[in-house]
Amino acid sequence: MYRLVFTQVLRRFDAEAVHRLTVRGLAVLARLPMLKRLLHRAFAPHDPVLRVTAFGVHFPGPFGLAAGFDKDAACAEAIAALGFSHVEVGTITAHAQPGNPHPRLFRLPGERAVINRMGFNNSGARAAARRLRRTRGVPVVVGVNIGKTKVVPESEAVADYVAGARELAPLADYLVVNVSSPNTPGLRNLQAVELLRPLLVAVKEVADATPRRTPLLVKIAPDLADEDIDAVADLAVELGLDGIIATNTTIRHGGETGGLSGRPLKARSLEVLRRLRAKVDDRLTLISVGGVEDVDDVWERLLAGATLVQGYTGWIYGGPLWAARIHRQLARRVRRHGLSSVTEAIGRTA
């Protein structure tokens, strides 16, 4: 049914307009306690075999929503009620910014992919913090993904990230430093270890000083050379980070300017995951994202060493209950393999 609606109706409308209306609808749902709880009871992961603990945080399942959808922390509870085990909000910058000029979001249905050049459009850290302070009506793990404000020069990037972290780290279940979006000029330069080190050290000081010590992760691009992936992994271990998220979107494509996500990213994202697992073993939590479409992809990422898996583009093509379906199928697969918990599958083929 959803495929028919998407083909005949949704794809005829501007992609960003549909996204904006969806977020608004979910934000309304997030303010309807009874309906939200009913949906959560019906679709959120509750099966005990799916439970995962990562960096001291308990997740009801391994499959969550990647950053990029809920940019302003407006509807995380509603998203969780539809079946995601966790929601990574953002990317949020210290200062509000409009993002890049329109059009900036493009569907590629034939490839089950999306190209975006959004440019971290968001209302800023202070506005997001106000929303994150609201009492959560249903349980949801919320990660907060922070990035650099576009107008801030590279020389002031550390202070800009620290400003965002001070507002948001105390309210996050985990914090992510995003240095891998291709849509903010110069941002990916910060992945170079000599620039990344002082940035991570400064943000980690903020995260460590929160009352519960907020876990800190870094998100990397699929376009890094293998030796640079190794260098970031070594740095993350050295600094005592909690994990790495791999990967962001890729600029290696022949379409519109921007980052490509979805099915074409699948192979490289899995390759980066396997390289990271070989490098760090289980010393860091690895979160795999990029080209995840179904339960087979989630299972493969777990076997390859990911503790958690995220998707976003697959939700556009898979429909509103995509995550609930994946978690249901994953629980059946765990039992079919004779395992008592999904965590027993992590790293089996690493």
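None of these values were measured; they are calculated from a predicted model.
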Is the shortest heavy-atom distance from the side chain of [X] to the side chain of [Y] under 4.5 Å?
{"X": "V176", "Y": "V218", "value": "no"}
{"X": "P264", "Y": "H253", "value": "no"}
{"X": "I220", "Y": "I245", "value": "no"}
{"X": "V144", "Y": "Y174", "value": "no"}
{"X": "L276", "Y": "V272", "value": "yes"}
{"X": "L235", "Y": "R197", "value": "yes"}
{"X": "S288", "Y": "Q310", "value": "no"}
{"X": "I287", "Y": "I244", "value": "no"}

Can you check whether [Y]'s main-chain N or O pairs, donor with acceptor, with [X]'s side chain at less than 3.5 Å?
{"X": "H327", "Y": "G83", "value": "yes"}
{"X": "D230", "Y": "A233", "value": "no"}
{"X": "N100", "Y": "R117", "value": "yes"}
{"X": "W315", "Y": "G319", "value": "yes"}
{"X": "N121", "Y": "Q97", "value": "no"}
{"X": "K204", "Y": "D208", "value": "no"}
{"X": "D72", "Y": "S123", "value": "yes"}
{"X": "R188", "Y": "V179", "value": "no"}
{"X": "D160", "Y": "T149", "value": "yes"}
{"X": "E77", "Y": "G137", "value": "yes"}

Shortest non-hydrogen contact from [X] toward [Y]:
{"X": "I79", "Y": "D70", "answer": "CD1-CB, 4.1 Å"}
{"X": "A304", "Y": "A350", "answer": "O-CB, 3.9 Å"}
{"X": "E167", "Y": "A125", "answer": "CB-CB, 3.9 Å"}
{"X": "K148", "Y": "T184", "answer": "O-CG2, 4.2 Å"}
{"X": "L168", "Y": "A129", "answer": "CD2-N, 3.8 Å"}
{"X": "V57", "Y": "P215", "answer": "CG2-CG, 4.3 Å"}

Flag for [Y]-[X]: side-chain donor and acceptor within less than 3.5 Å:
{"X": "Y317", "Y": "E293", "value": "no"}
{"X": "T307", "Y": "T285", "value": "no"}
{"X": "N178", "Y": "S180", "value": "yes"}
{"X": "T343", "Y": "R51", "value": "no"}
{"X": "T93", "Y": "N122", "value": "yes"}

Output the distance between atom [atom1] ([X]) and atom [atom2] ([Y]), rounded to the nearest 0.5 Å.
{"X": "L200", "Y": "L216", "atom1": "CG", "atom2": "CG", "answer": "6.5 Å"}
{"X": "M118", "Y": "L105", "atom1": "CE", "atom2": "CG", "answer": "5.5 Å"}
{"X": "L39", "Y": "M34", "atom1": "CG", "atom2": "CE", "answer": "12.5 Å"}
{"X": "F63", "Y": "S85", "atom1": "CZ", "atom2": "OG", "answer": "8.5 Å"}
{"X": "K266", "Y": "E271", "atom1": "NZ", "atom2": "CD", "answer": "15.0 Å"}
{"X": "F84", "Y": "F69", "atom1": "CZ", "atom2": "CZ", "answer": "8.5 Å"}

Are [X] and [Y] ion-paired here, with the side-chain N under 4.0 Å from a carboxylate O?
{"X": "R104", "Y": "D14", "value": "no"}
{"X": "R333", "Y": "D296", "value": "yes"}
{"X": "R263", "Y": "D297", "value": "no"}
{"X": "D47", "Y": "R328", "value": "no"}

Intermediate values then yes/no, side chain to side chain donor-acceptor pair (under 3.5 Å), S269 and R301:
CA-CA 9 Å; S269 181; R301 305 298 171 96; 3.2 Å; yes
Please test V237 against L284 for side chain to side chain contact (heavy atoms under 4.5 Å, CB included), starting from the C-alpha separation and ending with a verdict.
CA-CA 7 Å; V237 171; L284 296 174; 3.9 Å; yes
Are there over 12 heavy-atom neighbours, none belonging to [X], within less than 6.0 Å of that residue's [atom1]?
{"X": "R41", "atom1": "CZ", "result": "no"}
{"X": "R136", "atom1": "CZ", "result": "yes"}
{"X": "R212", "atom1": "CZ", "result": "no"}

Indicate, with yes or no, if [Y] and [X] share a hydrophobic cluster defined by side-chain heavy-atom contacts under 4.5 Å among Ile, Leu, Val, Met, Phe, Trp and Tyr.
{"X": "V23", "Y": "L21", "value": "no"}
{"X": "V138", "Y": "V89", "value": "no"}
{"X": "V158", "Y": "I92", "value": "yes"}
{"X": "L171", "Y": "V206", "value": "yes"}
{"X": "L217", "Y": "V201", "value": "yes"}

For H58 and T53, what are the C-alpha separation, side-chain angles and deciding distance, and is it a side chain to side chain donor-acceptor pair (under 3.5 Å)?
CA-CA 5 Å; H58 302 294; T53 299; 2.9 Å; yes
Chi angles and distances behind the side chain to side chain contact (heavy atoms under 4.5 Å, CB included) call for V309, V289
CA-CA 6 Å; V309 182; V289 55; over 6 Å; no
Is the Y312 ring parallel, tilted or perpendicular to the H19 ring (thresholds 30°, 60°)?
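If you compare the ring of Y312 with that of H19, the planes turn out tilted.
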Dump the intermediate steps for side chain to side chain contact (heavy atoms under 4.5 Å, CB included) on V114 and L108, then the final yes or no.
CA-CA 6 Å; V114 165; L108 284 69; 5.9 Å; no
Test log, rule salt bridge (Lys or Arg N to Asp or Glu O under 4.0 Å), inputs D282 and R277
CA-CA 7 Å; D282 59 358; R277 178 68 183 206; 5.4 Å; no
Applying side chain to side chain contact (heavy atoms under 4.5 Å, CB included) to L82 and L26, what does each step give before you reach the verdict?
CA-CA 10 Å; L82 295 178; L26 289 170; 3.9 Å; yes
State which residue, out of K71, K219, E88, fulfils the side-chain hydrogen bond (donor to acceptor under 3.5 Å, both in side chains) condition with N145.
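Of K71, K219, E88, side-chain hydrogen bond (donor to acceptor under 3.5 Å, both in side chains) with N145 is met by E88 alone.
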